[in-house]
Each structure stands twice: as structure tokens, then as C-alpha cells.
Amino acid sequence: IYKKRAQMLSKIDTKKKLLLFPAMFIIIVILSGWVYSHWSNFASARNEAASKTGDFQLEVLDARISVYQFLRTPNNSNAEKVRDNFLSLAKDVETFKNTLKVEKNRNLCDEISENAKKYIKFFDSFADKRIKDFENGIKDESVEIKTSIAQMVEIGKVLESKLAQISVSAISLRDEANESLNNILIIIAIVAIILFIIISMLISKVV
């Protein structure tokens, strides 16, 4: 094969032979740029996804803080804040799901959204009554309300667990994408070096 390539190059005039190097350089630069652009966008999307899962964890924290604020001062304003926080979390997760490709993570998003809405249902089951009791001077929570709160606590733990799972998965996928980008660029560099060496040796034989 080496001899055949050398014979083919011997039929090309010297000027065109020397043009092989800039031509190869241009091709390699274009190929490297395309690969970097494609995988860089892919890695960037994975980085954004990993960052977004961290935002969700903060949303859950804020939402649960709003529940504690309601329990300390039960009123319509604090109750509405609790509903808004958990509904916002559910909507944000549903939107985030549409950007995902991994089925496991899409399913986790469904579970997070469902649990956020379930949290609101348990909250609604006692919120109005608690507000009325508080307005009437009843400071202590009834057994029924304490039961609902305990159920909400369990749902909150599930939410945090699911978010932790999707966060770990997103970070793993992000690292995998970054590693793939680095590996592909290294492979292109190695192939380019080998091609330059081979062509240099072929041209040196025929020039």
C-alpha cells in the first residue's frame, strides 16, 4: 500500500504535492471545529441540566420553608405562597423533562411533579381549617392536622430523594459528555499527526 501511494504521488507535480499539507491542515481544522461545536453544545446542555437540578433542590427548600412559615403564622397569604412554590416546582420540572433524553430521568421528573402536586393536596386538606382555628385563637394543631403534616413531611423526603437521584444522574452525564469531548479531540489530534507523518514520508520519497 505504501508503494502504491508513493507511485500515485510521483505522478503529481511537486507544487501540488506541497499543497497537500495546507489542504490537510484546512480539512483537519474544519473537522475539529465541527466536532468541537457539536460536542461542546452537547456538553453545554448536560452542564445546564446538572445546574438546573441544583436549582430544583433550592426550590424545594424554599417551598418547605414557606410551609413552616404558614404553620407559625397561618393566614391566606402564607397559604398561597406554599401553593405557588410547589406549583412552580411542578411546572419547572415538567418543562425540564422536555429537554431530557434519558428515560430514567424523564420518569424521575414525572415522580417529582406528581409528589409536588400531592404535597399541595395534603396541604389544602387542612390549610383553611388551620387558618380559621388560628383566627379564633386556637393555637394548638389538631390530631388531624398533625397527621396531614406528617404525611407532607414524608412526601418532602421523597421529593428530596428523587431530586438527589436526578442530580447525581445529571452530573454523571455531564462528566461523561465532557470526557467524550476531550477524547474525540485527542483522537483527531493523533490521527492528524499520523496522517502528516505518513504523507511527509511519502512526499520525501518522491520529491
Side-chain angles (χ1 to χ4, degrees), residues 40-179:
S40 179
N41 290 336
F42 183 68
S44 178
R46 290 285 175 82
N47 286 331
E48 186 177 345
S51 175
K52 193 66 178 175
T53 58
D55 292 340
F56 292 148
Q57 291 175 323
L58 291 176
E59 281 192 64
V60 170
L61 179 60
D62 288 341
R64 296 187 73 177
I65 288 174
S66 68
V67 174
Y68 297 138
Q69 290 173 336
F70 170 83
L71 294 176
R72 188 175 60 182
T73 311
N75 56 47
N76 288 321
S77 176
N78 285 341
E80 199 59 34
K81 187 176 181 181
V82 172
R83 297 186 185 99
D84 289 344
N85 284 342
F86 278 96
L87 279 175
S88 177
L89 172 65
K91 289 178 181 177
D92 288 346
V93 170
E94 288 167 3
T95 301
F96 178 64
K97 173 190 171 183
N98 295 328
T99 67
L100 302 178
K101 303 297 182 184
V102 179
E103 191 63 24
K104 175 187 174 183
N105 289 341
R106 290 174 63 84
N107 291 336
L108 281 170
C109 285
D110 287 335
E111 292 179 34
I112 292 167
S113 179
E114 288 170 6
N115 278 287
K117 292 174 182 177
K118 189 184 294 184
Y119 197 104
I120 295 172
K121 287 182 180 179
F122 279 116
F123 177 76
D124 285 340
S125 69
F126 76 86
D128 290 341
K129 184 178 185 305
R130 181 60 191 138
I131 291 171
K132 290 177 181 177
D133 287 347
F134 190 78
E135 288 174 347
N136 292 327
I138 301 174
K139 305 297 183 181
D140 295 333
E141 297 161 352
S142 66
V143 174
E144 182 182 353
I145 290 176
K146 288 181 179 179
T147 300
S148 294
I149 293 172
Q151 291 170 323
M152 289 165 58
V153 170
E154 291 304 314
I155 294 173
K157 290 179 181 178
V158 172
L159 273 173
E160 291 176 350
S161 173
K162 298 299 179 183
L163 283 169
Q165 290 179 45
I166 200 171
S167 178
V168 169
S169 178
I171 290 172
S172 175
L173 290 171
R174 177 200 65 189
D175 293 343
E176 181 183 315
N178 289 332
E179 184 178 353

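Of the inter-residue distances, the one linking Ile65 atom CD1 with Lys81 atom NZ reads 9.0 Å to the nearest 0.5 angstrom. A distance of 10.0 Å separates CG of Asp62 from OG of Ser88, quoted to the nearest 0.5 Å. Interatomic distance, CD1 of Ile112 versus CG of Leu159, reported as 7.0 Å (0.5 Å rounding). Annotation: the span from Met152 atom CE to Ile120 atom CD1 amounts to 10.0 Å, rounded to 0.5 Å. For the atom pair Leu89 CG and Asp55 CG, the distance stands at 11.0 Å (nearest 0.5 Å).
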(request) Give the C-alpha distance, both sets of side-chain angles, the deciding distance and a yes or no for salt bridge (Lys or Arg N to Asp or Glu O under 4.0 Å) between Glu141 and Lys146. (result) CA-CA 6 Å; Glu141 297 161 352; Lys146 288 181 179 179; 5.7 Å; no
(request) Before giving the answer on salt bridge (Lys or Arg N to Asp or Glu O under 4.0 Å), spell out for Glu135 and Lys132 the whole-Å C-alpha distance, their side-chain angles and the decisive distance to 0.1 Å. (result) CA-CA 5 Å; Glu135 288 174 347; Lys132 290 177 181 177; over 6 Å; no
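For the pair Glu160/Gln57, no side-chain contact is recorded, criterion being any heavy-atom separation below 4.5 Å from C-beta on. Contact of the Ser161 side chain with the Lys157 side chain is not registered, since no non-hydrogen atoms from C-beta on lie closer than 4.5 Å. Two residues are said to be in side-chain contact when any heavy atoms from C-beta on lie closer than 4.5 Å; Leu163 and Glu111 fail this criterion. With a 4.5 Å cut-off on side-chain heavy atoms, Gln165 and Lys162 count as touching. Side-chain contact check for Arg106 versus Asp110: every heavy-atom pair is 4.5 Å or farther apart. Here the side chains of Phe56 and Ile166 are not in contact, with every heavy-atom distance at 4.5 Å or above. Side chains of Asp133 and Arg130 form a contact here, defined as non-hydrogen atoms less than 4.5 Å apart.
Between the Thr95 side chain and the Lys91 main chain, a donor and an acceptor come within less than 3.5 Å of each other. The backbone N or O of Pro74 lies less than 3.5 Å from no partner atom in the side chain of Asn78, so there is not a single donor-acceptor pair. A donor-acceptor pair under 3.5 Å is formed between the side chain of Thr147 and the backbone N or O of Val143. Of the possible donor and acceptor atoms, one in the side chain of Asn75 sits under 3.5 Å from a partner among the backbone N and O of Ser77. A donor-acceptor pair under 3.5 Å links the side-chain atoms of Ser125 to the main chain of Phe122, judged by distance alone.
Shortest non-hydrogen contact noted between Asp128 and Arg83 is OD1-NH2, 4.0 Å. Across Cys109 and Leu100, no two heavy atoms sit closer than the pair SG-CD1, 3.7 Å. The minimum heavy-atom distance linking Phe126 with Ser148 is given by the pair CD2-CB, 3.6 Å. Residues Ser142 and Lys129 come closest through the heavy atom pair OG-NZ, 4.5 Å. The shortest heavy-atom contact between Arg64 and Val153 is NH2-O, 3.9 Å.
Between Phe123 and Phe86, the ring centre distance reaches or exceeds 6.0 Å.
Side-chain contact of Asn85 with Ser66: a donor-acceptor pair under 3.5 Å is present, judged by distance alone.
Applying the 6.0 Å contact sphere to CG of Asp140 captures no more than 12 heavy atoms from other residues, nucleotides or ligands. Summarising the local packing, CD of Glu94 is surrounded by more than 12 heavy atoms from other residues, nucleotides or ligands at distances under 6.0 Å.
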